[in-house]
Amino acid sequence: MNKFSQWIVAGALCTGAGLAAAQTLPEPANVLQLSSTGSVEVTQDLLVMTLAATREGRDAAAVQSQLQQVLDAALATARAEAQPRQLEVRTGNFGIYPRNDKDGKITGWQGRAELVLQGRDFDRITRTAAKINGMPVSQTGFGLSREAREKVEGQAQTEAIQSFQAKAKALAQSFGFERYSVREVSVNTNDMGFAPRVAMMAKSMTADAAPPIPVEAGKSQVVVNVSGSVQMLK
């Protein structure tokens, strides 16, 4: 047998021995799986208000032009009131869609343009929305800014970790063990980003015919989950 063949045989024997040893390893014993949660309730400090305009007509280009004119005027008004973090302005959905008869023939076009006002200064946002002509409020939503979420995440995390430790100790003692050690653990924050509470507004409302819309923020829960396993010890 040449040296190359001998190496193959030796390697195969070593691999087989390794597999045999791996197969005979004992399963982890006295390991406890558990999880805990910490949560903090905080007032929503972010308002998102969506304004929308719709147009219809027989010519798609004309409908698009009409929407663009309304949107350009609205953007000019909103940008004059913009302020970083307090009132930020962006466009939303903009689309032109065909209208069809029962035979599928295009009989006209309809379009919709959106303008989004977002920020933490509720009064500034609602006053700006009331100044914009031709784009009534279509919906509002509330959420948490990144700063507000990060401010209470540490508190929720501490609560979750302390709960995890208390559970681990109590359960280990209930099973007749004196102490425990952490084997593995993961910490996850329930971060949904901006998750608005939407309130649809009447489509017939016109911003130039009504005072600023009253808004009232609700509460959000910042939740931290801790899960993992501990080794119960005598």
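None of the values given here were measured: they were computed from a predicted structure.
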Check: Y180 and L233 side chains under 4.5 Å, non-hydrogen atoms
no
Checking the side chain of D45 only, and the main-chain atoms of R120 only, is there a donor and an acceptor separated by less than 3.5 Å?
no
Between D101 and D103 (side chain of the first, backbone of the second, donor and acceptor by atom type, cut-off under 3.5 Å), is there such a pair?
yes
Going hydrophobic residue to hydrophobic residue with side-chain gaps under 4.5 angstrom, can you get from M49 over to V70?
yes
For the CD atom on E178, are there more than 12 heavy atoms of other groups (residues, nucleotides or ligands in this structure) within a distance under 6.0 Å?
no
Set out, in order, the CA-CA distance, both residues' side-chain angles and the distance that settles ring pair (Phe, Tyr, Trp, His ring centres under 6.0 Å) for F122 and F142, then state yes or no.
CA-CA 10 Å; F122 293 6; F142 296 91; 5.7 Å; yes
Taking the side chain as every heavy atom from C-beta outward, state whether P98 and K105 have any pair of such atoms under 4.5 Å apart.
no
For the residue pair E56 and V63, establish whether any side-chain heavy-atom pair is separated by less than 4.5 Å.
no
Using side-chain hydrogen bond (donor to acceptor under 3.5 Å, both in side chains) as the criterion, list what pairs up with S163, not counting sequence neighbours.
none
Ignoring hydrogens, what is the shortest heavy-atom contact between G111 and L67? Give both atom names and the distance.
C-CD1, 3.4 Å
Kindly check if the number of other-residue, nucleotide or ligand heavy atoms within 6.0 Å of CZ (R99) is above 12?
yes
Between S65 (side chain only) and A61 (backbone N and O only), is there a donor and an acceptor less than 3.5 Å apart?
no
So M232 and R179, do their side chains get closer than 4.5 Å, heavy atoms only?
no
Minimum side-chain heavy-atom gap V187-Q157 below 4.5 Å
yes
Looking only at non-hydrogen atoms, find the nearest pair between A217 and Q44 and report the distance.
CB-O, 3.3 Å
Please name the residue in the list Q118, M135, E114 that meets the side-chain contact (heavy atoms from CB on, under 4.5 Å) test with T50.
E114
Which residues pass the ring-ring contact (aromatic ring centres under 6.0 Å, His included) test with F177, sequence neighbours left out?
none
Taken in chain and number order and not counting sequence neighbours, the residues that satisfy side-chain hydrogen bond (donor to acceptor under 3.5 Å, both in side chains) with N100 are none
Any L144 side-chain heavy atom under 4.5 Å of L46 side chain
no
Between Q231 and A29 (side chain of the first, backbone of the second, donor and acceptor by atom type, cut-off under 3.5 Å), is there such a pair?
yes
Hey, does the side chain of K167 reach the backbone of S36 with a donor-acceptor pair shorter than 3.5 angstrom?
no
